[in-house]
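The figures that follow rest on heavy atoms only: side chains count, while hydrogens, waters and symmetry mates do not.
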Amino acid sequence: MVFEHFALNVADIKKRVGWFVTHLGLKVVVAKEKAPFMTFLADSTDRVIMELYQKEEEPLSNFKERQPATFHIAFVSDDAEADKQRLMTERATFVEEVKEKTARIWLCFVIHGECHYNFANGQ
C-alpha cells in the first residue's frame, strides 16, 4: 500500500488553503465549491498529500494546547533557518528547534493555532 493523503477539518478553509499555497508552496488540485469544501493539496512533486475541509458541526482540535509530537505535518526545507524567519513573519508560532548530529535541523511551528508543522533542512 502507498500513502495517499490525510484530512484535516479546519475553520475558515479559504484562509487556510491560501496560507498553505502562499507560504508552504502547496498547490490546489481539487477544490469543491459546496460544503464541506473538500480541498486537495499537492506538494512540489505534484503528489496529493493533504485534504482540508470545513465541517462546522464537527469540533476542531486545539493543537496549541497539545505537545507537537501528538500530531504534526512535516516538510523538508532547503534552508530551515530562512524558512523559520519567513514563517514567523507570517504569524506562525515557533515552538522548538532540534539539531541532530547529522546537521539536520528540525523546526516546529503552530500555524494559526490549528496544527503543528515540522520543517527539516534537506541535509
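- Interatomic distance, CE of Met38 versus CD of Gln54, reported as 13.5 Å (0.5 Å rounding).
- Taking a 4.5 Å side-chain heavy-atom cut-off between Ile, Leu, Val, Met, Phe, Trp and Tyr, the cluster of Val2 contains only that residue.
- For the residue pair Pro36 and Ile13, the shortest heavy atom distance occurs at O-CD1, 4.4 Å.
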Side-chain atoms of residues 39-46: list all donor-acceptor pairs with protein atoms under 3.5 Å, sequence neighbours left out, distances to 0.1 Å.
residue	atom	partner	partner atom	Å
Thr39	OG1	Phe37	O	2.9
Asp43	OD1	Thr45	N	2.9
Asp43	OD1	Thr45	OG1	2.5
Asp43	OD1	Asp46	N	3.4
Asp43	OD1	Arg47	N	3.3
Asp46	OD1	Lys27	NZ	2.3

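- Under the side-chain contact (heavy atoms from CB on, under 4.5 Å) criterion, Glu58 pairs with Asn9, Lys55, sequence neighbours left out.
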Could you give me the CA-CA distance, side-chain angles and deciding distance for Phe6 and Glu51, then say whether side-chain contact (heavy atoms from CB on, under 4.5 Å) is met?
CA-CA 6 Å; Phe6 76 95; Glu51 173 192 352; over 6 Å; no
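- Shown here is Glu56, whose CD atom has no more than 12 heavy atoms of other residues, nucleotides or ligands within 6.0 Å.
- Atom NZ of Lys84 and atom CG of Leu87 lie 11.0 Å apart (nearest 0.5 Å).
- Here the side chains of His5 and Ile49 are not in contact, with every heavy-atom distance at 4.5 Å or above.
- Cluster annotation: Val17 and Leu8 are assigned to the same hydrophobic cluster (Ile/Leu/Val/Met/Phe/Trp/Tyr, side-chain heavy-atom contacts under 4.5 Å, transitive).
- Glu33 pairs by the side chain to side chain donor-acceptor pair (under 3.5 Å) definition with nothing, not counting sequence neighbours.
- The closest side-chain heavy-atom distance from Phe20 to Leu52 is below 4.5 Å.
- A 4.5 Å side-chain heavy-atom check between Glu90 and Trp19 finds at least one atom pair inside the cut-off.
- Looking only at side-chain heavy atoms (C-beta outward), Val48 and Val30 stay at 4.5 Å or farther from each other.
- No path of Ile, Leu, Val, Met, Phe, Trp and Tyr side chains, each step under 4.5 Å between heavy atoms, connects Val21 with Val29, placing them in separate hydrophobic clusters.
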